[in-house]
Structures are given as structure tokens and as C-alpha cells.
Visitor: 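Before I ask anything, let me first share the structure, which is written out below as C-alpha cells.
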Amino acid sequence: MADDTALRLEKITPDNIDAALALRVHPHQEKNVASVAHSLAEAYAFGATAWPRLILDGDEVVGFLMAFLDIQWAPEKNPDDRRSGLWRLNIAADRQGKGYGRFAVEAVRQEIRRRGGDEPSMYVTWEPGENGPEGFYLGLGFRATGETSGRQTVGALDL
């Protein structure tokens with residue numbers, strides 16, 4: 001189990017970019033989550049609404065997360081619907097089941113609160129199906145909203 005006192009988030013920098021890009025989930029999970037490289041390209045394209053971070057346990061890179069902060073959720077349906085949440089979560093294949101994902105979700109929750117968001121919930125989407133993260137997110141208290149984003153299920157967790 002992860003020692004919470006040793007866990008921290010770190011910005012992606014020239015000093016740690018190679019470690020970030022080397023991060024791999026279990027091969028059977030690759031269809032459910034985009035790579036770190038893909039996520040960093042999205043972070044570049046989305047600018048200030050993306051919040052990419054490495055998850056470190058001491059000096060060891062154990063995961064990657066990316067939050068979305070105050071985005072227009074579905075502007076074609078409701079331009080005033082702005083949301084924040086967990087966009088991407090990649091935990092290294094050999095480090096899963098040790099509490100790093102739980103730490104990541106809580107870190108995003110705290111960042112949203114720190115920024116003073118108005119929404120009562122944080123959001124996440126997941127690819128449904130075998131080997132998907134649905135059980136993980138539901139186990140942390142997320143609830144399916146009944147919405148979809150593309151083919152993905154939308155979940156919400158009270159802030």
C-alpha cells in the first residue's frame with residue numbers, strides 16, 4: 001500500500017518528460033486509456049483547462065493524471081454547463097492496486113476545490129467493458145450520471 005506521506009504530484013518538465021513517456025499501463029488496459037504522449041498533446045492543445053501531473057512515490061514515477069478544469073462540457077447543448085474533473089489516469093502496470101489511483105482522484109478533487117469551482121461534483125469518463133475502470137471509479141464513490149461522452153460513461157463524485 002502506498003505511503004501517503006511519500007506521495008506527491010509533479011509538473012511535467014524537461015527533467016521528467018522521459019519518465020512520463022515511459023509509463024505503461026497493463027497491456028489489456030491500453031484500449032481503455034490514452035497514452036501519456038497522447039494526453040500531453042491534448043494538454044498542449046487545450047492549454048489552461050488541462051492540468052497534467054506525474055504521480056510520484058518518493059522519487060519513483062508511479063502514474064500520470066490529467067484533470068480538466070472549468071471546461072464547457074457540451075456547448076452545443078448548454079453553453080453555461082462548465083465542469084471540472086479527472087480526464088486521464090494512467091497507473092504503471094506494476095504499481096496498480098497500491099492506492100495511487102485513489103490518491104490521484106483525491107488530488108484532483110483538492111485542486112478543483114482550491115480553484116474555487118462552483119460545481120458540486122467532479123467528473124470522470126470511462127470506457128465501459130471488460131478490463132475497464134468502472135469498478136474502480138464506482139468503488140471510490142463516483143456514480144454514473146446517465147450521460148455519455150462519445151462512447152464513454154460519465155461519472156460524478158461530490159466535491
Visitor: Output yes when a side-chain donor or acceptor of Ser149 lies under 3.5 Å from a complementary backbone atom of Gln152, and no otherwise.
Guide: no
Visitor: Check the pair Phe142, Glu134 against side-chain contact (heavy atoms from CB on, under 4.5 Å), reporting the backbone distance first and the verdict last.
Guide: CA-CA 9 Å; Phe142 282 92; Glu134 180 175 52; over 6 Å; no
Visitor: Which residues pass the side-chain contact (heavy atoms from CB on, under 4.5 Å) test with Ala144, not counting sequence neighbours?
Guide: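 Only Thr153 meet the side-chain contact (heavy atoms from CB on, under 4.5 Å) criterion with Ala144.
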Visitor: Hydrophobic clusters here meaning ILVMFWY residues chained together by side-chain heavy-atom distances under 4.5 Å, can you tell me if Leu21 and Val33 are in one?
Guide: no
Visitor: Could you pull out all residues at least two apart from Asp94 that satisfy salt bridge (Lys or Arg N to Asp or Glu O under 4.0 Å)?
Guide: none
Visitor: If you compare all heavy atoms of Trp87 against all heavy atoms of Ala50, which two are closest, and at what distance to 0.1 Å?
Guide: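 Of all heavy-atom pairs spanning Trp87 and Ala50, the closest is CZ3-CB, 3.8 Å.
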Visitor: Can you list every pair that meets salt bridge (charged side-chain N to carboxylate O under 4.0 Å, His left out) and has a residue in residues 23-50, with sequence neighbours left out?
Guide: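 Qualifying pairs, neighbours excluded: Glu42-Arg88.
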Visitor: Go through the steps for Leu140 and Glu106 under the test side-chain contact (heavy atoms from CB on, under 4.5 Å), then give the verdict.
Guide: CA-CA 10 Å; Leu140 290 179; Glu106 188 56 33; over 6 Å; no
Visitor: Out of curiosity, Asn16 CG to Leu54 CG, how far, rounded to the nearest 0.5 Å?
Guide: 4.5 Å
Visitor: If the condition is side-chain contact (heavy atoms from CB on, under 4.5 Å), which residues does Ala93 pass it with, not counting sequence neighbours?
Guide: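 Expected list: His26.
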Visitor: Please confirm whether the backbone N or O of Ala156 pairs with a side-chain atom of Thr145, one donor and one acceptor, at under 3.5 Å?
Guide: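 Side chain of Thr145 to backbone of Ala156: no pair is present.
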Visitor: Quickly, which of Val108, Val25, Ile55 forms a side-chain contact (heavy atoms from CB on, under 4.5 Å) with Leu89? Name it, please.
Guide: Ile55
Visitor: Taking it one step at a time, do Leu65 and Leu9 satisfy side-chain contact (heavy atoms from CB on, under 4.5 Å)?
Guide: CA-CA 9 Å; Leu65 69 80; Leu9 297 181; 3.8 Å; yes
Visitor: List in chain and number order the residues that pass side chain to side chain donor-acceptor pair (under 3.5 Å) with Ser121, two or more places apart in sequence or in another chain; answer none if no residue qualifies.
Guide: none
Visitor: What pair of heavy atoms forms the shortest contact from Ala92 to Leu23, and how long is it?
Guide: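 Minimum heavy-atom contact is CB-CD1, 3.5 Å.
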Visitor: With sequence neighbours excluded, give me every salt bridge (charged side-chain N to carboxylate O under 4.0 Å, His left out) pair touching residues 147-156.
Guide: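 Sorted pair list: Arg83-Glu147, Glu127-Arg151.
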Visitor: Nearest 0.5 Å, please: how far is OG in Ser39 from CG in Asn90?
Guide: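 One finds 5.5 Å between CG of Asn90 and OG of Ser39.
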Visitor: State which residues pass side-chain contact (heavy atoms from CB on, under 4.5 Å) with Ile71; sequence neighbours excluded, sorted by chain then number.
Guide: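 So Ile71 forms a side-chain contact (heavy atoms from CB on, under 4.5 Å) with Thr49, Phe68, Trp73.
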Visitor: Is there side-chain contact between Trp51 and Ile112, with at least one heavy-atom pair below 4.5 Å?
Guide: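 A side-chain contact under 4.5 Å is absent here.
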Visitor: Taking only residues two or more places apart in sequence, or in another chain, which ones meet Arg82 in a salt bridge (Lys or Arg N to Asp or Glu O under 4.0 Å)?
Guide: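 Partners of Arg82 under the salt bridge (Lys or Arg N to Asp or Glu O under 4.0 Å) test: Asp70.
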Visitor: Measure across Asp57 and Ala6 and return the closest heavy-atom pair with its distance rounded to 0.1 Å.
Guide: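 Shortest heavy-atom separation between Asp57 and Ala6 comes out as OD1-CB, 3.4 Å.
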Visitor: Using salt bridge (Lys or Arg N to Asp or Glu O under 4.0 Å) as the criterion, list what pairs up with Asp15, not counting sequence neighbours.
Guide: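 Asp15: no salt bridge (Lys or Arg N to Asp or Glu O under 4.0 Å) contacts found.
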Visitor: Can you list the residues that meet the side-chain contact (heavy atoms from CB on, under 4.5 Å) rule with Asn131, with sequence neighbours excluded?
Guide: His28, Asn32
Visitor: Looking at every heavy atom in both Met66 and Ala43, which two are closest together, and how far apart are they?
Guide: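 Answer, listing the atom of Met66 first, then Ala43: SD-CB, 3.6 Å.
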Visitor: Using the test side chain to side chain donor-acceptor pair (under 3.5 Å), find all partners of Gln29 that sit at least two apart in sequence or belong to another chain.
Guide: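 Applying side chain to side chain donor-acceptor pair (under 3.5 Å) to Gln29 gives Gln96.
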Visitor: Between the side chain of Gln72 and the main-chain N/O of Pro79, is any donor-acceptor distance below 3.5 Å?
Guide: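 Yes; judged by distance alone, with no hydrogens or angles, the pair exists.
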Visitor: Do Val105 and Met122 have side chains that get closer than 4.5 Å, going by heavy atoms?
Guide: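 Val105 vs Met122: side chains touch.
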Visitor: Any Lys/Arg nitrogen of Glu111 or Arg115 sitting under 4.0 Å from an Asp/Glu carboxylate oxygen of the other?
Guide: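 Here Glu111 pairs with Arg115 in a salt bridge, since their nearest N and O are under 4.0 Å apart.
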Visitor: Between Leu138 and Arg143, what is the shortest heavy-atom contact and its length?
Guide: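 Looking at all heavy atoms of both residues, the closest pair is CD2-CA, 4.3 Å.
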Visitor: With a 4.5 Å cut-off on side-chain heavy atoms, are Phe103 and Val62 touching?
Guide: no
Visitor: How close do Ala20 and Ile12 get, counting heavy atoms only, and between which atoms?
Guide: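 Scanning both residues, the minimum pair turns out to be CB-CD1, 4.2 Å.
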Visitor: What residues, two or more places apart in sequence or in another chain, satisfy salt bridge (Lys or Arg N to Asp or Glu O under 4.0 Å) together with Arg53?
Guide: none
Visitor: Would you check, one step at a time, whether the test side-chain contact (heavy atoms from CB on, under 4.5 Å) holds for Leu40 with Phe64?
Guide: CA-CA 10 Å; Leu40 291 175; Phe64 169 84; 4.0 Å; yes
